[in-house]
Amino acid sequence: MYSTIKSIKGPLATGMLWAAILLFLTNCEVDDAQMLDQRDWQLVWSDDFDGALGQSPDPTKWTYDIGRGDNGWGNQELQTYTNRPENIGMDGKGNLVITARRETFAGAPFTSARIKTQGLFAQKYGRFEARMKTPYGPGLWPAFWMLGSNIETIGWPLCGEIDIMELRGQEPSIIAGTLHGPGYSGGAAISKNFSLGNGRFDTDFHLFAVEWGENYIDFFVDQVLYQRLTPADVTGEWVFDEPFFMLLNVAVGGNYVGFPISATPFPQTMVVDYVRVYKEKGQ
Amino acid sequence: MKNLYNHPFSYLLLSLIVLLVSCKRDLDELELATNPTTPEVFLDAFSAGLNYAAFGGSDVRAFQTDTEVKYQGTASMRIAVPDFEDPAGAYAGGVYFTSAPRDLSGYDALTFWAKASKSASIDLIGFGNDLGENKYQAAIAGLPVNTNWKKYYIPLPDAAKLTAERGMLFFSEGPEDGKGYTFWIDEVKFEKLGTIAHGRAAIMNGEAAKVNAETGNTFTVVGFSEFNLPNGVNQRVETAPAYFTFNSDNPSVATVGPTGQVKVMEAGTAVIKATLAGKDADGSLTITSTGEPVLPRTAAPTPDKPADKVISVFSNAYENVPVDFFNGYWQFSTAQTFDVKVEGDDIKRYTQLNFVGIQFTAPTIDASKKSHFHMDIWTPDQINPSTVFKILLVDLGPDGSFEGSDNSSFEVTIPSSMLRSESWISLDLPFSQFPGLTSRAHLAQIVLSGDLPNVFVDNIYFYDDGTGGVVPGPAVAAPNPTPLAANVISIFSDAYTNVAGTDFNPNWGQATVVTQELIAGNNTLKYNGLNYQGMQLGSSQNVSGMEFLHLDFWTKNSSALNVFLISPGPQEKAYALTVPTNGWSSVDIPLSAFGGVDLKDVIQFKFDGNGTIYLDNIYFYKKGSGGGGTTPTVAAPTPTRAAANVISLFSDAYTNVPVDTWRTDWSSAKLEDVTVAGNAVKKYSALDFVGIETVTNKVDATGMTHFHMDVWSPDFTLLGIKLVDFGADGAFGGGDDKEHQINIDAPAKGQWVSLDIPLSDFAGLTTRGHLAQYILVGQPTGANTVYVDNVYFYKTGGGGGATAPTTAAPTPALAPANVISLFSDAYTNVPVDTWRTDWSSATLEDVTIAGSAMKKYSALDFVGIETVANKINATEMTHFHIDVWSADFTFFGIKLVDFGADGAFGGGDDKEHQINIQAPAKGQWVSLDIPLSEFTGLTTRGHMSQYILVGQPTGTNTVFVDNVYFHK
């Protein structure tokens, strides 16, 4: 399958020009100055979540993280992850729904779900995208992200982490795209925000993507490139030349987002229309 | 909402407006095709066409512009909320409105920045108040503000409705806890944010409400809306009815108007729902109407009380007193009142009754000579087992005012068993059923409530049943007590000396009215309208030697009565008394019935229940008075003196010295070893005299001050005690024997008598280093029996002889920065590995005395305390401090050990030193504050690891320890 993602305005200009363009884009002025290489993307993996209401994710594509992890999955998150239909399943309308609930379960004050393609699918380079509508409210932390498949052998952050999108529920208009690696992980990660300004990510679907190749990773919201990261941008080793697998989750609390408050509305849902992965033709 | 301000000060207001409004135009005659969409309300000044009016009753000068404090630009709006009872006005409140309407339909929120001089909650703030019908009012109730500038959002519930709005902003805020304060608002404008999301609306609080009704009933449906703000938090908006579109699914049963007014038209069911901005609102109101109201078919029963015995509020049978109203339409009351006539009888009909007040204050009613309240009621409603009807009577007290502290009231609940559907019920309630109504000379209100929405009421009156309203008490005094005073601890009785200082009416929040009345010359305690009632004894009473609690009680109208004994904790235990009584009822409650209560420390009594109670002769007593009882039933009092101060010959409380014999063969008495209440006792019968000897191990009582012995006899008339010292030669005779006999005439019989005789009273006993004989003499000679326990010498001093401290150690006063504390409530303590190493020879208990945690070491030889895991660097410290208390130590040692640079025991670099304290003071806290320079062997102290405490007599002393720390 062939897909042209955007119109082409011209060749990629110098780095200085790039800086100007990015500055322009963070002011939410979109499109005119976008100058990108043309790429021919071929779909290699997808899930449109077309199952019946309540059906669990396709086990040939997704596996679960269950429980609370170590130290709240490393972030002091408050939820416990389950694979129960109360926390994850199809909505029967072509979407996957991850639901975070305020309920005591397995010793945790909240429940939610986290799925991943680890061991089932991983790829080096390409375009990775998900069309989603986020949850909202203080303490909610949805994310679509990737980890290096070698995490089991070399550990985090050496394996690298590409956060295609993550959002703080108290800022429903802002998402962040981020790279973590050796020397630039956690609070020192390389990150950039994208704000909708007069809109929110929880009211309509938006398309979140990275385009990743040798020595660059581009971050997109809808049709807008808002960040390109290259080895020159990271403050450590560039570790993004290995296959990565994808994750989707909704965390509650944690040191990225802060605690939910009593006024945080629950339950909260992340609705995912599809997840697609492309490879550049000829690669 | 309050009305537009109307007050002599209004000229001030008008002048203010004129000053502030520069672009005002009279647009009345212009018919604009579209209204202006101006978003600004107040940025640094009033926007075009904006006016201000303060609410009536508010402080009209509360609002001013402020050029000093502002979020942005040159000025803000300052609102000074007045104090409670400020003569200028009770609150701050007003409206900012435009002369010409604006089109706000393009916006989604009113936003502003606000801060306040203190954390507060603004009662109401919003827009849509135009000083007219306020059709599209929307507001936030209870907006929290604090001392920081923060942006606030008031979402527009349905912007499409706001094409011609004049109410730009309004607020209403009263004092916080009676105190005024100031808040500021700045940058007020309408905005199209695009980030106000997830709007929803609800009526009836989002619930599926149900109500039973009759034709003619009216209800109001109210709603709210809720939006998610840009910070992800939901905000509730109080939303005027006009935003909603209401709908009845069955208008023939119930109609609903545009402002949510529901009217019931006929029998049937109708569901009221609503939409807001085209979306269904949550919640509904389901009305089940039974149609035309059901009326009583007959008149209420005709009253039969003579008119001169009646004060009538509402009846055709009597002349009625003036009534202010039969329905005060009080806040939150939904009750409607109608006058109906059945068979010529006037009846009050209440519908939708949740509660309703009937009031008569001009004048109030004096029913002090009346005995009963009467009312006839009739209801068409179903009576379920849980259905109740309630009648509250309110008396204003002598001041005749609702204000003041002398009001009283009581609510009687009529249970379902006394209610009937569709029948007249005559309620005759004696005032004794209104115990909290402590006066009825200034009755002013009758409040009806309960579970009956439809009630017909007739014949409301107060009457006298011939008693004149006097509830008779007992005519005779309580029976005279019979136990001997010696066997009694009396709390309340004319027959005994009572425990001094008892408070018979401590304020524990009770409703009970306590009085003391003379009944046939006998002082009697009366509880009127008992709910519960305490007694605070003048001093703690040890009643462990008593057997019974005696009470006399009298009540005609109580259906429940319990008596409680209470010891500290509180530990309390109830005992149920049988009520009502037929005359005086006397009860002797075994003290064993008060399990859990510390009978050595009884501090309070409590009664609970209901009705009017008379009480007398409240006392503890034991049997075995002079004429009765030949053997003790309770043990002798347990000695309390510290063992260190005692040389005991015979006691379960101490280790006894060896005694050769408790009956020499030259004695004239019979000896038996018996047990009384688990306590070993010597019983001498047919007593003339008996010799007891410690010749083999003579007792050295030179350090002692007293001789103690507990004796109990049913029949002795004299007891003599002779002590004999055999002198330095240690043998009977030899010329150095010393002796003396003390005689006690007419000792108390039938109870334990504790003898504490100063040894100085034994005047002839000039030496007591070799005490060898103790001779007891009893009369009538050879015909009396004496039980003996707790024979010992003791000395006073040393802290009064207690075995444990009763007070906490002195609280340290040093600054924490100068202290390294191992154990103290006053400081944060460093980690201590153990307070008793396994190589110690002592028993450790953690105890709390007088609220202070401390370490108790008993059977102390030595004990090791270690901080090996977290060694203490005390090089900067100058002193080691420890507080110790012991009843019996004769020696106390403290060894400090530093493990040296290698951090381990041994290794050649350990340093240590022991300080010994000879004969430390006993029975008191001893604060040891030892300069570390005195630990001369402790040449390093950078790795303090061990602290060894040593006590003597070896293995038989007990030391309490607190406040262990280094300091400088």
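Note that this is a predicted model, so its numbers are computed, not measured.
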Part of A/Ile261 within contact of chain B (heavy atom distance under 4.5 Å): side chain

Heavy-atom pair of closest approach, residues A/Pro135 and A/Val250: CG-CG1, 4.1 Å

Over all atoms of both residues, closest heavy-atom pair of A/Leu248 and A/Trp62: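 For A/Leu248 and A/Trp62, the tightest heavy-atom pair comes out as CD1-CH2, 3.8 Å.
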
Candidates A/Asn249, A/Thr178, A/Asp163 - the one meeting side chain to side chain donor-acceptor pair (under 3.5 Å) with A/Trp145: A/Asn249

Contacts with chain B made by residues 263-271 of chain A (heavy-atom distance under 4.5 Å), listed by residue number: A/Ala263, A/Pro265

Residue B/Lys118 excluded, over 12 heavy atoms near NZ under 6.0 Å: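 Correct, the count exceeds 12.
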
Residues forming a ring-ring contact (aromatic ring centres under 6.0 Å, His included) with B/Phe190, sequence neighbours excluded: B/Phe127

B/Lys210 side, atom NZ; B/Ser284 side, atom OG - distance, nearest 0.5 Å: 6.5 Å

